[in-house]
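For reference, the structure is listed below as structure tokens.
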Amino acid sequence: DRGDLVTDEIVIGLIEEKLSGANSGGFIFDGFPRTLAQADALDQLLERVGQSLDRVVEMQVDDNALVARITARSTCGSCGEVYNDLAKPIPENGKCTNCGANDFQRRADDNEESLKQRLMEYYKKTPPLIGYYYAQGKIKSVDGLGNIDAVYRKSVV
């Protein structure tokens with residue numbers, strides 16, 4: 001609720017659990033790794049499980065726009081469908097378009113104070129990763145303020 005981050009050990013353990021049992025066509029990490037230590041741990045894990053990291057997408061988003069987007073987010077408590085007061089509001093009838101439920105929730109840490117704390121952590125720890133992945137030829141920087149389709153197209157090219 002305070003915006004603190006989960007420990008590296010817990011995150012790497014959860015990722016290993018998922019990747020060890022997975023036989024899929026790939027995976028996407030959202031917001032991970034955040035530090036060089038996490039990147040090293042991820043590299044070691046991927047080597048152990050016979051996987052590799054193809055690309056790292058850096059979403060560049062203005063802080064104020066990010067806070068506005070995240071504080072407007074809500075989720076259907078029944079199926080997980082995501083809504084946003086600005087971009088995809090909850091339907092006027094109050095029912096989820098995916099499952100018909102009316103149990104919408106906001107994360108406790110999706111508030112301005114917690115987001116500022118998370119951004120501060122990001123700015124303290126994450127910038128060295130840009131150089132780390134740039135040196136490996138894996139980084140792709142994308143303007144994250146476009147619509148979903150435009151951002152997707154820019155990130156996969």
Enumerate the ring pair (Phe, Tyr, Trp, His ring centres under 6.0 Å) contacts for residues 49-71, please, sequence neighbours excluded, ordered by first and then second residue.
none
Sequence neighbours excluded, the answer for side-chain hydrogen bond (donor to acceptor under 3.5 Å, both in side chains) partners of Asn98 is none
Which residues pass the side-chain hydrogen bond (donor to acceptor under 3.5 Å, both in side chains) test with Lys95, sequence neighbours left out?
none
Among all residues two or more places apart in sequence or in another chain, which pass the salt bridge (charged side-chain N to carboxylate O under 4.0 Å, His left out) test with [X]?
{"X": "Lys116", "value": "Glu112"}
{"X": "Glu58", "value": "none"}
{"X": "Asp103", "value": "none"}
{"X": "Lys88", "value": "Glu81"}

Is there a path from [X] to [Y] through hydrophobic residues (I, L, V, M, F, W, Y) whose side chains come within less than 4.5 Å of each other?
{"X": "Ile10", "Y": "Ile12", "value": "yes"}
{"X": "Ile28", "Y": "Val61", "value": "no"}
{"X": "Leu36", "Y": "Met120", "value": "no"}

Is any side-chain heavy atom of [X] less than 4.5 Å from a side-chain heavy atom of [Y]?
{"X": "Leu119", "Y": "Val67", "answer": "yes"}
{"X": "Cys96", "Y": "Cys79", "answer": "yes"}
{"X": "Ile139", "Y": "Ile130", "answer": "yes"}

By ring pair (Phe, Tyr, Trp, His ring centres under 6.0 Å) - contacts of Tyr134 (at least two apart)
none
Sequence-distant partners of Tyr133, ring pair (Phe, Tyr, Trp, His ring centres under 6.0 Å), two or more places apart
none
Quick one: do Val11 and Thr7 satisfy side-chain contact (heavy atoms from CB on, under 4.5 Å)? Show the steps, please.
CA-CA 6 Å; Val11 174; Thr7 66; over 6 Å; no
After noting the C-alpha distance and the side-chain angles of Cys99 and Cys76, does the key distance pass the side-chain contact (heavy atoms from CB on, under 4.5 Å) rule?
CA-CA 9 Å; Cys99 72; Cys76 174; 3.7 Å; yes
Taking Tyr152's backbone N and O only, do any of them form a donor-acceptor pair with Ser155's side chain (distance below 3.5 Å, no angle check)?
yes
Determine whether a donor-acceptor pair (N or O, by modelled atom type, separation under 3.5 Å) exists between the side chain of Arg106 and the backbone of Ala72.
yes
Find the distance between [atom1] ([X]) and [atom2] ([Y]) and round it off to the nearest 0.5 Å.
{"X": "Asp8", "Y": "Gln38", "atom1": "CG", "atom2": "CD", "result": "4.0 Å"}
{"X": "Phe104", "Y": "Thr75", "atom1": "CZ", "atom2": "OG1", "result": "10.0 Å"}
{"X": "Leu129", "Y": "Lys138", "atom1": "CG", "atom2": "NZ", "result": "12.5 Å"}

Is there any salt bridge (Lys or Arg N to Asp or Glu O under 4.0 Å) pair reaching into residues 59-75, and which pairs are they, with sequence neighbours excluded?
Arg73-Asp110
Check Glu16 with Arg48, please: is the shortest side-chain N to carboxylate O separation under 4.0 Å?
yes
Candidates Leu66, Thr71, Asp109 - the one meeting side-chain contact (heavy atoms from CB on, under 4.5 Å) with Leu115
Thr71
Holding to side-chain contact (heavy atoms from CB on, under 4.5 Å), I want the full list of residues that pass it with Pro91, two or more places apart in sequence or in another chain.
Tyr83, Asn93, Thr97
Dump the intermediate steps for side-chain contact (heavy atoms from CB on, under 4.5 Å) on Phe32 and Ile15, then the final yes or no.
CA-CA 10 Å; Phe32 184 84; Ile15 292 169; 3.4 Å; yes
Quick one: side chains of residues 39-46, donor-acceptor pairs under 3.5 Å with protein atoms, not counting sequence neighbours, listed by atom name and distance.
unit_1 : atom_1 : unit_2 : atom_2 : d
Asp40  : OD1    : Tyr132 : OH     : 3.2
Asp43  : OD2    : Tyr132 : OH     : 2.5

A quick test of your reading: do over 12 heavy atoms of other residues, nucleotides or ligands sit less than 6.0 Å from CD of Gln60?
yes
Nearest heavy-atom approach of Leu86 to Ala68 is CD1-O, 3.8 Å
